[in-house]
Structures are given as C-alpha cells and as structure tokens.
Protein chains: 2
Amino acid sequence: MNLRELAQHLGLSKTTVSRALNGFSEVNEETRLRVQEAARRFNYTPNISAKRLATGESGAFGVVLPGASSEMADPVFAEFLAGLADGAGRCGRDLYVNATFDGEEAGYRRLARAKAVDVMILANLKVEDLRIRLLSHLGLQAVTCGRTAGSLVYPHLDIDHEDGVRRAVDLLTGLGHRAIALVSGPADLSASEQRMVGWHTALDRRGLTAEAGLFMAGPATEDHGYRATRALLALPTVPTAFLCASMFLASGCCRAIGDCGLRIGRDVSVIAHDDGLATIRPEAFEPALTTTK
Amino acid sequence: MNLRELAQHLGLSKTTVSRALNGFSEVNEETRLRVQEAARRFNYTPNISAKRLATGESGAFGVVLPGASSEMADPVFAEFLAGLADGAGRCGRDLYVNATFDGEEAGYRRLARAKAVDVMILANLKVEDLRIRLLSHLGLQAVTCGRTAGSLVYPHLDIDHEDGVRRAVDLLTGLGHRAIALVSGPADLSASEQRMVGWHTALDRRGLTAEAGLFMAGPATEDHGYRATRALLALPTVPTAFLCASMFLASGCCRAIGDCGLRIGRDVSVIAHDDGLATIRPEAFEPALTTTK
DNA sequence: CCGATCTTCCAAACCGGTTCGATATGTTTT
DNA sequence: AAAACATATCGAACCGGTTTGGAAGATCGG
C-alpha cells in the first residue's frame, strides 16, 4: 500500500493524505482522522527511500566504527552503539554503521557525498581530533561524545572526567593515601587528558605532587591494566591507591594486585571509572569495587 | 554534482551516463571512459536515496539488536556487529541497526513495511526460532547465523558446535577424564543444543554416560560461569573437566576453580569455545586456556 | 448582495536516480 | 539499392513521497 493507493481508497489527493499524516494544519480534523484510521487499517508506512529523496534528509545517524580492531571490539563501544540504536529508533531515525575498511576518512567522504546520513556521531574524541575539521569541511553535521582541547565550538556531550577523578582523589587522600597512581587509557584520548588534569589539580590542592612515574597510559584493556599495575608495584615507592580509567583496566589492576600478594581494601585501594555497564559490573569484583559513574 | 549536471557537462543524456557508470554493455567504450573520468573529476557519487527509490532495493542489511540488555551489551555480539559492518561496507551496502525498543516483532514489521532493508541478518538462533517464520511471512529475506532444529530450509551459516564439543570431549577422555561437565549458554539457543548433542554422542561412543547433573545452562556471563562451576564442584562426584560454551563462562569457571583451591592443569581441565575474539583471549588466562575456534 | 477572507482540497512539479521504447547512424545481407 | 540488423544514444516515464501555487466553497463584513 503506497500513498497514491491510499489516497484513491479515500477519494482524496496524495497531497491531502500526506499532509494529514504529517500533521499539517490546513487539513480538516475530520478528514485527518479518516486518513489516519485508513492508514492504520491498511498498514500503510511511507517508503523510507521515497521520503528521503523528497525531503533531502536521509533520516539517519551515522557512526563510523573505529578502525583498530582493539577498539572495534570494545564492549563499552558496543553498549554505546546499542544506546545509539535505541535512541535513533525512538525518534524515528536509522542508525547507519559504517566500518572503515578503507580508512576512516574515506568512510566519511563516502557518507557525505552520497548524502547517506544527516548527522555523524563521533565517539572517543582525541585531544586533537582531525575528524571535526574534516566533517565540517565535508559539510556533514556532527555531534561528538567528548570534546577536543582548544576553543573550537561544536555540538557535543561529555562526561566531566576531570571532576570525577578529582573527587576520587579527594576520597583517597581523605583516607590517608599519599601515592595515588593513575592507570589511564590511551594518552591521545581527550578523556584521558581530562582525567590527568583532574588528578593533578586534586593532588595539588592537598599539597601533594603528581609523580610522572605514577601515570600509566595505554589501551583500555585488562591486559594493559595488569602490566601497568605490575610496573607500578615494582617502583621504589609503591603506590597505595590506583585510579583506573575503565572497568577493564581495573580488572587487570586487581589481578596484578592479587598476584603480588596484596589485598584490596587492606593493603591498597582501587577506584575505577564506568559504573553502570552491563558487561562488567563493580559488584562482580572481589571485593566489590568503588567506582565513578 | 548530480547525474543531470554531470550529463550536461558531458553533453550526454542522463540515461547514457547512468548506464556508463553502471557497466551496461550498450555504451561505447570510449564514452564510458570519458564518463568515468568526469565522474571522478567532479567527485560524483549517486544519491543513495534516489538510487534506492528507483531500484526498489534499499541497499542495506538489517540487524535487530537483541532486546534483553544482557545480550545487548554482549562483547561477542559487538565483534559480530563490527564484522558485519565491515563486510557490508566492502560490498557497498549499509548496515542498518535497529534497537527494538518496542519489541522485536514490531521492529521487523517496521523494517518490512518501510522497505528499509533488503536482507535481515539474524544471530543467536534459538532451537525454535519464531523469527524465521515471521520474516518469511513479512516477505523479508533473511540470513541466519546458526540454524533451528527441524527441516525448514533457509540461507544460513553456522559453526559446527556439535563436532567442536565432540573433539573436545575426545581430547579429555583421552587424558583419562570420566566426569566431564558442560557449562553451557542459554538452553534455548540452538548452539547450546548442538553442543549438548555433541557432548552426549562423544561420551556415548566411549561408553560413558552424560550425567544430567553435569549440564548447566544459563546466560553466557562470567557470573553464571562462576556459579555453575561452584555448584558442580559441590556435587558428590566432582567433575574433573569443564567444557565452557564461551570465554566469559570460562572466565567465571576458572575463578570458581581457583576459589575452591584447585589448580587448572593439575587438578582439573578446562576447555572453552571461541578462540579468536579480540576482547577476551585464551592467552590472557593463567594458565593459557585450551579452546575451540 | 457583493467582494474579501478563510478553510480545505487538488494538480502538477520536484527530489535524483533507473529503465523502457524509440531513433539515428553505420554495417551487413539479399 | 533496398531490406535487415547492430550499435550508440536519447526522451520520457517511473519509483513514492513532499511541496508549491492555485482554486472551489464556506464564512463574514459592509
């Protein structure tokens, strides 16, 4: 059932039916009800492609999957994606997922030229993120999760990583900790930098110094969490507390602590970021983990 | 730059240009080259929406995200999705991800009516999977990963779970194991059933019985792996080997074994399925885990 | 009772591609 | 030389919606 057929059934023009269904005011209320009723009865749904062609909008959000396979399979990204798909669905949009088999930039160019999406969604923003400039150059709208350093203005949405870390450090210093390590994600991520700033300022305020040696950046994996923590525990002045940027880092961190014969809550403290993930929950740790959200 | 403008530039009709670019034979080879060259120079890419409307194909594959949040955030599913997006991109299709905020069936109906996708991709097939019938009734093509029980014929792609388990059991019985537990995923999954069949037949062939008490089904999570293994280790006849249907189950299984003071490789054996995931790798286990792939 | 205004609806153009049927030109066959 | 056929191209219709620019009929003020 398409628009013309529906209109014929009702003895109306395509115009009127289209307007009735799209909520235009110049349609008689009685007619509108009649149209809506018929649309429901005949199970009419506008053809997406036609609608898009006519309006010039694609009605879709775009996400480009991070190219590196390490990030590609990131469970956090998976939850992010699920949330996006859900949100897109709720407001009647599609979510286009593009894998960058031939380079991220090529992916964006393709989407832009083909007018495949209305808005791109960027995650995992870097401190200096070239994608923002590229997209604006391609005339593609974008919304980012996270923000770059600098004064460039664009629509974004972010976690206050800085304050999160600051409050975590405050908690730990309040408990008497002096050597607090920061087990961080990739150094080029804007989130990582924000966390580092928070770490510095919170320690400064207490008159403590943020030792460069207590900062370990790397991939947000269990493995790196383990290695980083082992390295930290081998330092001359062993840290007594660990701030982990992700649950996976924390998982590795806890394993390393256990392997070194230490006990969390007695010998050392651990605080991780990202409570609320379905995949890996703080309650599953032994003991249950303190987290920021 | 659209088709008409490109045609005008070349002094050709839209028809010829379209045909030249789409590889029709009735176009002079010289003309075709001229057209292709111009298309490249002007950065012409056909408008996706228009192409779809004209051809009636959407050019997209559809995936409906599992509704339950436990599956939604499944890292294995995330890798699966990434692979799909990659494959779709390589053959010039889009991947359309739909979250089923209002029920899985409603999602499929919407996609079908709006002609939003050409082919649906179904994962995590159940032993009795109603989706197959639903889609065929909606006139939506589908390809599945996994297959239902019964004789219904449809395009699918599957892992030989049955043989995988059989070979794992053979390996274990060869090592002298007699009580081999099967720590399985959700019982209604077709993969789980296939694994159970493999477990039964392999044990039968050795003259061993598959004790019903040694089969534990449940969500494919670390948590369930832990609980199931604890329960198994509390049985009167403690199993000496564990077959885990997923790496996450195996992770919990190993933790439970450790907590009971046993050591893998000395006291008990563990074999898991799903080598090759980026998220959770067998080498990361201590000791490195034996796996099927 | 007439012109102005409002309400409600419609025909036709448009979005940017694909494809059917026709046409012009060149090449063979008879 | 006429008929038959191939080749290369084009005009126009089509896909299924949205949107523009009227137009008919109802309502109203004077």
Side-chain angles (χ1 to χ4, degrees), chain A residues 1-36 38-39 42-60 92-94 110-118 139, chain B residues 1-36 38-39 42-60 92-94 110-118 139:
Chain A
M1 172 66 67
N2 64 24
L3 188 64
R4 190 190 32 192
E5 290 163 359
L6 183 60
Q8 276 174 349
H9 257 282
L10 286 161
L12 291 168
S13 72
K14 291 201 304 177
T15 310
T16 304
V17 174
S18 169
R19 289 186 157 152
L21 293 174
N22 289 322
F24 282 68
S25 62
E26 63 242 80
V27 178
N28 188 316
E29 213 39 51
E30 194 183 323
T31 309
R32 183 194 308 282
L33 289 175
R34 204 156 61 86
V35 171
Q36 286 172 340
F42 292 116
N43 235 330
Y44 167 78
T45 306
N47 179 304
I48 285 192
S49 306
K51 191 165 198 151
R52 290 181 178 178
L53 176 56
T55 57
E57 295 188 347
S58 73
R93 317 293 159 134
D94 298 326
R110 241 195 332 268
L111 291 179
R113 289 202 327 224
K115 291 219 163 76
V117 302
D118 297 329
Chain B
M1 172 66 69
N2 63 23
L3 188 63
R4 188 190 32 194
E5 289 164 0
L6 183 61
Q8 276 173 351
H9 257 283
L10 287 160
L12 291 168
S13 72
K14 289 199 305 175
T15 309
T16 303
V17 175
S18 169
R19 289 185 157 152
L21 293 174
N22 289 322
F24 282 67
S25 61
E26 63 240 80
V27 177
N28 187 316
E29 217 34 56
E30 191 183 324
T31 310
R32 183 194 308 283
L33 289 174
R34 206 157 58 86
V35 171
Q36 286 172 341
F42 292 117
N43 235 326
Y44 167 77
T45 305
N47 178 305
I48 284 191
S49 306
K51 189 163 200 155
R52 291 184 174 176
L53 176 56
T55 57
E57 295 188 347
S58 73
R93 316 291 158 136
D94 296 322
R110 240 197 331 268
L111 293 180
R113 290 203 326 225
K115 291 219 162 76
V117 302
D118 297 329

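Values reported hereafter were calculated over all heavy atoms of this structure, with side chains retained and with hydrogens, waters and symmetry mates removed. As the structure is a computational prediction, the values presented were derived from the model and not from experiment. Residue numbers begin at 1 in each chain, while the letters A, B, ... track the order of the sequences.
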To the nearest 0.5 Å, what is the distance between [atom1] on [X] and [atom2] on [Y]?
| X | Y | atom1 | atom2 | result |
| --- | --- | --- | --- | --- |
| A:Leu111 | B:Thr45 | CG | OG1 | 10.5 Å |
| A:Asn2 | A:Asn47 | CG | CG | 8.5 Å |
| A:Lys51 | A:Glu57 | NZ | CD | 10.0 Å |
| A:Ser18 | A:Leu12 | OG | CG | 12.0 Å |

Whole angstroms only, please: what is the [atom1]-[atom2] distance between [X] and [N]?
| X | N | atom1 | atom2 | answer |
| --- | --- | --- | --- | --- |
| B:Glu29 | D:dT9 | CD | C1' | 15 Å |
| A:Leu12 | C:dT7 | CG | P | 19 Å |
| A:Gln8 | C:dA11 | CD | C1' | 14 Å |
| A:Lys51 | D:dT18 | NZ | P | 5 Å |
| B:Leu53 | C:dT18 | CG | P | 11 Å |
| A:Ile48 | C:dG17 | CD1 | P | 20 Å |
| B:Leu33 | D:dA8 | CG | P | 13 Å |
| A:Phe24 | D:dT18 | CZ | P | 8 Å |

Side chain of [X] only, please: which of [options] is the nearest?
| X | options | answer |
| --- | --- | --- |
| A:Ser13 | D:dT9, C:dC10, C:dC15 | C:dC10 |
| B:Val27 | C:dT8, D:dT9, D:dT18 | D:dT9 |
| A:Asn2 | D:dT18, D:dG17, D:dG11 | D:dG17 |

Between the base of [N] and the side chain of [X], is there a donor and acceptor pair under 3.5 angstrom?
| X | N | result |
| --- | --- | --- |
| B:Ser49 | C:dG17 | no |
| B:Lys14 | C:dG17 | yes |
| B:Thr15 | C:dT18 | no |
| A:Thr31 | C:dT8 | no |

Distance check: side-chain N/O of [X] vs OP1/OP2 of [N], anything under 4.0 Å?
| X | N | answer |
| --- | --- | --- |
| A:Tyr44 | D:dG16 | no |
| A:Asn22 | D:dT18 | yes |
| B:Ser18 | C:dT19 | no |
| B:Thr16 | D:dT9 | no |
| B:Asn47 | C:dG16 | no |

> Pick the nucleotide of DNA chain D nearest each of A:Glu26 and B:Arg19; which residue has the one closer to the 5' end?
Replying inline: B:Arg19
>> For the residue pair A:Arg52 / B:Ser49, report whether a side-chain donor-acceptor contact shorter than 3.5 Å exists.
In response: no
>> To check you understand the geometry: which heavy-atom pair defines the closest contact between A:Ala38 and A:Leu10, and what is its length?
In response: CB-CD2, 3.8 Å
